[in-house]
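These notes are about the structure you will find just below.
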Amino acid sequence: TQLLEQSPQFLSIQEGENLTVYCNSSSVFSSLQWYRQEPGEGPVLLVTVVTGGEVKKLKRLTFQFGDARKDSSLHITAAQPGDTGLYLCAGGSGNTPLVFGKGTRLSVIA
Amino acid sequence: KAGVTQTPRYLIKTRGQQVTLSCSPISGHRSVSWYQQTPGQGLQFLFEYFSETQRNKGNFPGRFSGRQFSNSRSEMNVSTLELGDSALYLCASRGGGFYGYTFGSGTRLTVV
């Protein structure tokens with residue numbers, strides 16, 4: 001069974017601080033995705049990474065896929081209150097269902 | 001284009017009853033997946049349908065079932081509801097390859 005471990009589970013920071021969220025597995029994935037979910041809504045896809053060592057940037061968010069395609073990180077620079085939410089990583093391989101981590105709940109305080 | 005539509009948004013049922021949830025995927029998407037989300041377990045995979053066939057199934061009891069119609073719309077059914085079935089049920093569709101899932105807003109099921 002493939003598992004994804006996310007850390008930390010909870011993060012509360014002040015506006016303007018930087019943070020990194022980690023997603024680790026003992027399994028290799030063909031792709032890894034990050035989602036953000038707000039209360040009462042479904043997760044929204046932020047990025048998909050497919051190549052080991054790949055780095056993608058989305059404004060103040062930087063996503064990295066590990067060289068061995070077993071881990072990933074999400075770094076947010078100068079966090080803003082609008083970044084508050086539940087961040088989920090998910091791993092996929094072929095037509096197998098996406099496996100989700102349990103998420104990191106981020107709270108950015110103004 | 002229209003997103004993934006789930007109905008109803010909220011549902012309250014009594015133990016022992018059954019419930020049917022509906023999901024309309026993005027037009028052209030043939031894959032529909034269902035997940036159960038609870039605070040303690042996170043998102044757990046229920047099943048995936050592709051072109052009216054169940055392609056993958058998670059580790060849930062037989063009380064959980066689903067189907068997909070020729071227009072790709074999908075339904076999931078839970079029979080003999082238990083208190084532990086209270087959760088947010090999410091439906092997601094995707095177009096294939098490495099494209100990510102597009103989720104609906106979910107159906108919040110409360111069993112009392």
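All values reported here derive from a predicted model rather than from experimental measurement. The chains referred to below are lettered A, B, ... by the order of the sequence lines, with proteins before strands, and numbering in each begins at 1.
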* Asked: In terms of the angle between their ring planes, are B:Phe103 and B:Tyr101 parallel, tilted or perpendicular, with boundaries placed at 30° and 60°?
  ->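 Tilted: the ring planes of B:Phe103 and B:Tyr101 meet at 30° to 60°.
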* Between B:Gln6, B:Gln37, B:Glu48, which shows the greatest number of heavy-atom pairs under 4.5 Å with chain A? ->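 Answer, by heavy-atom pair count under 4.5 Å with chain A: B:Gln37.
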* To do: Decide, yes or no, whether a salt bridge links A:Asp83 with A:Arg60 under the criterion of side-chain N to carboxylate O below 4.0 Å.
  =>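 Between A:Arg60 and A:Asp83 there is a salt bridge, with a charged N closer than 4.0 Å to a carboxylate O.
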* **Under-4.0 Å salt bridge between B:Arg63 and B:Glu82** =>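 Yes, this pair counts.
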Give, as side chain, backbone, both or neither, the part of [X] having an atom under 4.5 angstrom from any heavy atom of chain A.
X        : value
B:Tyr35  : side chain
B:Arg108 : neither
B:Leu43  : both

* To do: List the atom of B:Ser93, the atom of B:Pro25, and the distance in Å for their closest heavy-atom pair.
  =>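 It is CB-CB, 3.4 Å.
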